[in-house]
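Taking it in order: structure first as structure tokens, then the write-up.
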Amino acid sequence: MNLQFFPSRQMSWYMARLFLTRTFAVLMLLVVVLQTLDLLGESGDILAYPGNGDAQLWHYVALRAPQIVARFLPFSVLLGTLVMLASLNQNSEIIAMKAAGLSAHQILAPLIATALGVSLISFAFNERIVARSTAALTAWEAVDYGPVPPSSGVKSNPWVRDGNNLVNVAIVAGRGEAVQLRNVQIYNRINNSLTTIVQAPRGHYDAASKSWLLENARQFDVARGTQRQIGTVRFGRDIRPDQFTLAKVDPDALTFDELRAAIADLHDAGRPTAELEGNLWHKLSGPLSALLMPILGSVAAFGLARSGQLFIRAVMGMALGFAYFVADNFSLAMGSLGAYPPVLAAWAPFFLFLLVGETVLFRTEE
């Protein structure tokens, strides 16, 4: 067999150009439709905050669109591959390529090389744009689409236990003893029964007393149904600052290096990190899923179009691609439960379906 995977430069550029145009056309269509539906569902909550208007709606679109692009880029690569290869097969271009002496792998080589480039772009896009937009959108949602305190290291909605009481914070900013709390709620319980709820717009750590201070706090009595102002409140002498900053680590809102540092901090604090380690590895295996799509969708490229099996082959390619995404999500879920090691949870579906795709391609075409 000829091992030269790119025997024709013109043919390679032609295939790569078709692959990219179909992929990004499908991606654009999916983003427009899904963003429209998502905005229809969230616009009421955004406009419910006093003073919000069209500018805030467009701001939401700017933060949400990168998440949709990142999530549906592999689907777009799969659908773009199927549309392209089915079209080439229908127009007998695949037959012409095979008649010229090209093997199935030589026909797919430009697509695989281009998909590798798409994977690298996807990883860079996730690191530079998606992580930041996810962190900003999560913090914005935590304050009901109101003003978000301008600070770095923002985390949202952690829960911390203070003895028998529970503490919830909408936004945590800063690190170490400089941690700032926003929209704090303390649920005071006696014998697991809720007695009072203390609410405060802000709080901070007092290093001198090794405790936390709430400002302008008010207390709601559950039994009586009354509320009163109680001013400054001190709580949580046993709560360390890192319990707020590490209580909830959102892997989607962190870059690869930031997530790795968070995992190291959690490990030093004696916290379980298996789920986050799986998400760390998935930041690499996820973008590489685009590399699989030309192989899994290749069944639509071969076989005689006039045999009436082109549609069936396209459906088979789509089924293989979607089966990968199902297996990938299942594997991550099993990794979160501790049933799979983190590396296996992130990489097993990729290599499994790489072998499946190559097996199908060899047995049917090579």
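Here the structure is a predicted model, which means the values were calculated and not measured.
Contact between Val61 and Pro66 at its shortest, heavy atoms only, is O-CD, 4.4 Å. When every heavy atom of Arg237 is checked against every heavy atom of Ser209, the shortest pair comes out as NH1-O, 3.4 Å. Minimum heavy-atom separation, Ala217 to Val233: CB-CG2, 3.7 Å. Summarising the geometry of Pro294 relative to Ala290, their closest heavy-atom pair is CD-O, 3.3 Å, with the distance given to 0.1 Å. Ala262 approaches Leu254 most closely through the heavy-atom pair CB-CD1, 4.2 Å. Contact between Arg260 and Asp257 at its shortest, heavy atoms only, is NH2-OD1, 2.9 Å.
Counting only N and O atoms by type, the side chains of Gln56 and Tyr49 include no donor and acceptor under 3.5 Å apart.
Checking side-chain atoms of Ser92 against main-chain N and O of Ile95 turns up no donor-acceptor pair under 3.5 Å. Between the Asp206 side chain and the Trp212 main chain, no donor and acceptor come within less than 3.5 Å of each other. Looking at Ser331, its side chain does come within 3.5 Å of a backbone N or O of Ala345 through a donor-acceptor pair. Counting only distance, with no hydrogens or angles, the side chain of Asp328 and the backbone of Tyr324 share no donor-acceptor pair below 3.5 Å. No side-chain donor-acceptor contact under 3.5 Å links Ser87 to the backbone of Met84. Of the possible donor and acceptor atoms, one in the side chain of Glu127 sits under 3.5 Å from a partner among the backbone N and O of Phe256. In this structure a side-chain-to-backbone donor-acceptor pair under 3.5 Å is missing from Ser122 to Val118. With Ser119 contributing its side chain and Pro287 its backbone, the two residues share a donor-acceptor pair below 3.5 Å. The backbone N or O of Ala48 sits nowhere less than 3.5 Å from a side-chain atom of Asn52 that would complete a donor-acceptor pair. Between the Ser298 side chain and the Ile295 main chain, a donor and an acceptor come within less than 3.5 Å of each other.
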(message) If you apply the rule side-chain contact (heavy atoms from CB on, under 4.5 Å), what do you find for Asp144 with Asp45, and how did you get there?
(response) CA-CA 7 Å; Asp144 297 325; Asp45 294 335; over 6 Å; no
(request) List the steps and the verdict of side-chain contact (heavy atoms from CB on, under 4.5 Å) for Leu181 and Val172. (result) CA-CA 5 Å; Leu181 310 180; Val172 179; 4.0 Å; yes
(request) Kindly determine whether Asn126 and Lys283 satisfy side-chain contact (heavy atoms from CB on, under 4.5 Å), including the steps that lead there. (result) CA-CA 8 Å; Asn126 293 344; Lys283 283 183 176 291; over 6 Å; no
(request) I would like to know whether Leu57 and Glu42 meet side-chain contact (heavy atoms from CB on, under 4.5 Å); could you show each step before the answer? (result) CA-CA 9 Å; Leu57 291 177; Glu42 293 293 331; over 6 Å; no
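For the pair Gln180 and Arg202, the minimum side-chain heavy-atom distance is 4.5 Å or more. Using a 4.5 Å heavy-atom threshold, the side chains of Met15 and Leu88 count as touching. Side-chain atoms of Val222 and Thr195, non-hydrogen and from C-beta on, never get closer than 4.5 Å to each other. Leu85 has its side chain within reach of Leu111: a pair of non-hydrogen atoms, C-beta onward, lies under 4.5 Å apart. By the 4.5 Å heavy-atom criterion applied to side chains, Trp347 and Leu284 are counted as neighbours. Between Val198 and Phe235, the closest side-chain pair of non-hydrogen atoms is not below 4.5 Å. For the pair Leu108 and Leu361, the minimum side-chain heavy-atom distance is below 4.5 Å. Side-chain contact between Leu214 and Ile230 is absent, with no heavy atoms from C-beta onward closer than 4.5 Å.
A distance of 8.5 Å separates OG1 of Thr255 from CZ of Arg132, quoted to the nearest 0.5 Å. Rounding to the nearest 0.5 angstrom, the gap separating the CD atom in Glu277 from the NE2 atom in His282 is 15.5 Å. The OG1 atom of Thr81 sits 11.5 Å away from the CG atom of Leu18 when rounded to the nearest 0.5 Å. Annotation: the span from Ile129 atom CD1 to Thr134 atom OG1 amounts to 11.0 Å, rounded to 0.5 Å. In this structure, the separation between CG on Leu120 and CG on Leu288 is 7.5 Å, given to the nearest 0.5 Å. Separation of atoms OH (Tyr205) and CG (Leu213) is listed at 10.5 Å; rounding is to 0.5 Å.
The aromatic ring centroids of Phe362 and His105 lie less than 6.0 Å from each other.
Under the 4.5 Å side-chain heavy-atom criterion for ILVMFWY residues, no single connected hydrophobic cluster contains both Leu332 and Leu276. Both Val343 and Phe123 belong to a single network of hydrophobic side chains, linked directly or stepwise wherever heavy atoms of I, L, V, M, F, W or Y lie under 4.5 Å apart. Cluster annotation: Phe330 is not connected to Leu78 through the hydrophobic network of ILVMFWY side chains, with a link wherever side-chain heavy atoms come within less than 4.5 Å. In the hydrophobic cluster analysis, where Ile, Leu, Val, Met, Phe, Trp and Tyr join through side-chain heavy atoms closer than 4.5 angstrom, Tyr14 is grouped together with Ile107. A continuous path of ILVMFWY side-chain contacts below 4.5 Å connects Leu82 to Leu30, so both sit in one hydrophobic cluster.
The aromatic rings of Trp140 and Tyr60 sit tilted relative to each other, their planes meeting at an angle between 30° and 60°. The aromatic rings of Phe75 and Phe325 lie parallel to each other, with less than 30° between the two planes, well short of the 60° mark.
Crowding of Phe220 atom CZ: a count of heavy atoms from other residues, nucleotides or ligands under 6.0 Å exceeding 12. Enclosure of atom CH2 in Trp281 is not indicated, since only 12 or fewer non-hydrogen atoms of other residues, nucleotides or ligands lie within 6.0 angstrom. The 12-atom threshold is not exceeded at CZ of Arg128, counting heavy atoms of other residues, nucleotides or ligands nearer than 6.0 Å. In Ile190, the CD1 atom is not crowded: 12 or fewer heavy atoms of neighbouring residues, nucleotides or ligands sit closer than 6.0 Å.
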